[in-house]
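Read the structure below first, then the notes.
Just so you know, these numbers come straight off a predicted model, no measurement behind them. Heavy atoms only: backbone and side chains are in, while hydrogens, waters and symmetry mates are out.
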Amino acid sequence: MVASLSSLGYSLPDALADLVDNSVSAGASSVDVEFTWEGADSWVAVIDDGRGMSEHALVTAMTVAARGTATDRATTDLGRYGVGLKSASFSQCRLLTVRSATAGGIWRTRTWDLDVVERTGEWRLLHEPSPETGRILERLTEGRAQGTVVLWQRLSGYRGVAVGDQKTQQQFYDESEKASAHLGLVFARFLNGSSPLALRVSGMAVSQWDPFLSAHPSVRRLPVERLPLDGHMVTVRPYVLPGPQRLSGEEAEQAGGPKGWLRQQGFYVYRRNRLILSGSWLGLRGLRREERYNLARVAVDIPAETDVQWQVDVRKATVVPPVALRRHLTRIAGLVRTSASEAVRTRGQIAARQHGGNLAFAWNVRRSDEKISCRINRNHPLVKGVLQEGGADPARVRALLRLLEETVPVSALRVLHEADTADDPEPFGGPGEADEHANEVAKQMLDVLVSQGRSPDEARRLIRTTQPFDQLIGFWNH
Ligand SMILES: Nc1ncnc2c1ncn2[C@@H]1O[C@H](COP(=O)(O)OP(=O)(O)OP(=O)(O)O)[C@@H](O)[C@H]1O
Ligand SMILES: [Mg+2]
């Protein structure tokens, strides 16, 4: 049973989110996640100031599915199956201790030691923590009158690890950072508002990540839709994010999110304000992630009464869109994807309009079959003039060059570049079709510069500092 509970596919951040769910459901206003490195004795704890549990409630909490789907729940309860605490914990540790106190009550403690369970073949819920566990609990509850501590010891993957093992120690703290970022995404809606939740990881406030840049003036909001589902309403809010030319470098990086632009496009599904699923087109037919839809993000709020229809899982990490809504969701996705791709496409053209007056666009940026093409418009009057037989009047060529310089569609390339690298650990400079193209252009430039009497090194230096080559990280490394 333990094996099956813990094999649901929890990552550490997922598992912690499940504990924070419980703290939020218990009305906590502050939640602390602590990571303490002690080699094989490292531990992780979640401490909240929620309403806590009586001894009876504590035993129920430690029992699998004692509060199941048939239980009546408050509208602020994020739980559903009565499994989360156990499954999340056993996915990460073999020693689970929960200490809890209600207002005016005393602290009560219960422990599942899976080694004891295994040894005795019995579900022995222990009352007395070991002295070491007791000391940790004392420290974590010191000065607190009520609330709950969930403590994980004997963490999976850390068995036999020495305290001095710095590599593993670093991994441990990396996990804490990942967890913080994940919680900032999943509980973002709880982290602002009139009485925000104080959520900290290792003493540092978790910063919320808002996928929709709600505060940014250039976000486009498409009409909100309310879709009826078995007597309840599912609310869908589509957003087209501002493109990189309207964001500072830092803002663009931040807005890209934990998984990067490409993997953050799509639907964000919320249940009771808690994010379940982020950046997914929900497996809807014909909807794939594509770079040109990077600016499309859609918030979907599902009522907890429709959990069954959405097939919400125990981890609260996936949903399957109900058949009755698929057509609507596909239609809305189509609208927001079209708007998003138009927003990307017009970028190079806007630059042309600004610098080239009413002339046609100098650049055509296209992406097809995984290939970025960035072509000069042969029909542009200046280009046409230069290409005319016997044409090439130096003044005209200079003008053309100036036009091209002023209209380099850097922003569009940046979007495509980010999209390209999102799935690919190799930087843009790695061997690939897109930069083979750039390579060819650079080679021509090199030839011209050398034929003008510059040394190859000097020419290379020049090209490296010229747009767009200055943006292609590692361009000259191969
Ligand atoms: N931090 C906490 N403070 C107060 N009560 C808690 C806390 N954590 C758990 N509980 C109690 O223990 C019960 C079991 O928690 P558990 O996470 O296993 O299931 P659940 O939250 O009811 O449902 P789900 O499986 O969907 O998470 C909760 O319903 C709640 O009553
Ligand atoms: Mg729960």
Side-chain angles (χ1 to χ4, degrees), residues 13 173-193 196 199-221 239-266 268 275 278-279 289 291-299 336 339-341 343-348 350-351 354 365 372 408-430 434-435 464-475:
Y173 286 117
D174 287 350
E175 289 282 1
S176 96
E177 273 178 31
K178 248 190 258 166
S180 179
H182 184 65
L183 296 176
L185 169 60
V186 170
F187 296 98
R189 289 193 184 171
F190 296 90
L191 297 176
N192 54 26
L199 178 56
R200 287 171 293 261
V201 174
S202 301
M204 298 277 287
V206 168
S207 46
Q208 63 146 328
W209 185 68
D210 170 14
F212 312 108
L213 304 185
S214 316
H216 200 283
S218 306
V219 175
R220 265 193 68 205
R221 292 173 166 79
Y239 298 82
V240 178
L241 266 54
Q245 85 279 20
R246 293 182 196 275
L247 300 172
S248 70
E250 200 182 314
E251 276 176 329
E253 165 89 34
Q254 167 76 13
K259 296 186 283 186
W261 281 96
L262 180 67
R263 282 195 262 165
Q264 297 287 176
Q265 62 176 255
Y268 288 69
L275 182 74
S278 69
R289 284 188 188 128
E291 295 69 24
R292 57 199 162 122
Y293 306 132
N294 275 354
L295 304 180
R297 294 182 186 171
V298 187
V336 68
S339 300
S341 66
V344 176
R345 212 172 45 231
T346 50
R347 199 162 300 135
I350 285 167
Q354 283 164 354
V365 181
I372 302 168
V408 172
V410 175
S411 316
L413 284 174
R414 187 157 54 164
V415 171
L416 295 171
H417 159 58
E418 269 168 18
D420 259 9
T421 48
D423 251 340
D424 183 357
E426 192 146 11
F428 195 85
D435 55 293
R464 209 183 298 141
T465 55
T466 310
Q467 279 184 343
F469 304 104
D470 61 342
Q471 311 243 329
L472 306 182
I473 307 141
F475 182 74

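Distance check, rounded to the nearest 0.5 Å: NE2 of His216 to CD of Glu251 gives 4.5 Å. Taking CG of Leu199 as the start and CZ of Phe190 as the end, the distance is 11.0 Å to the nearest 0.5 Å. Note: Ser341 OG to Asn294 CG = 11.0 Å, rounded to the nearest 0.5 Å.
Tyr239 has its side chain out of reach of Leu295: every pair of non-hydrogen atoms, C-beta onward, lies at least 4.5 Å apart. Between Glu253 and Ser248 there is no side-chain heavy-atom pair separated by less than 4.5 Å. With a 4.5 Å cut-off on side-chain heavy atoms, Gln264 and Pro258 count as touching.
Closest of all the heavy-atom pairs between Pro242 and Leu247 is O-CD1, 3.7 Å. For Leu191 against Gly184, the heavy-atom pair with the smallest separation is CD1-CA, 4.2 Å. Shortest non-hydrogen contact noted between Ser339 and Arg220 is CB-NH1, 3.8 Å. Shown here for Asp210 and Ala215, the closest heavy-atom pair between the two residues is OD2-N, 4.4 Å. Taking all atoms of both residues into account, the shortest heavy-atom contact from Gln265 to Arg289 is OE1-CA, 3.4 Å. Taking each heavy atom of Leu185 and Ser278 in turn, the nearest pair found is CD2-OG, 4.0 Å.
The aromatic rings of Trp209 and Tyr268 sit tilted, their planes meeting at an angle between 30° and 60°.
In terms of modelled atom types and a separation under 3.5 Å, the side chain of Ser180 and the main chain of Glu177 share no donor-acceptor contact.
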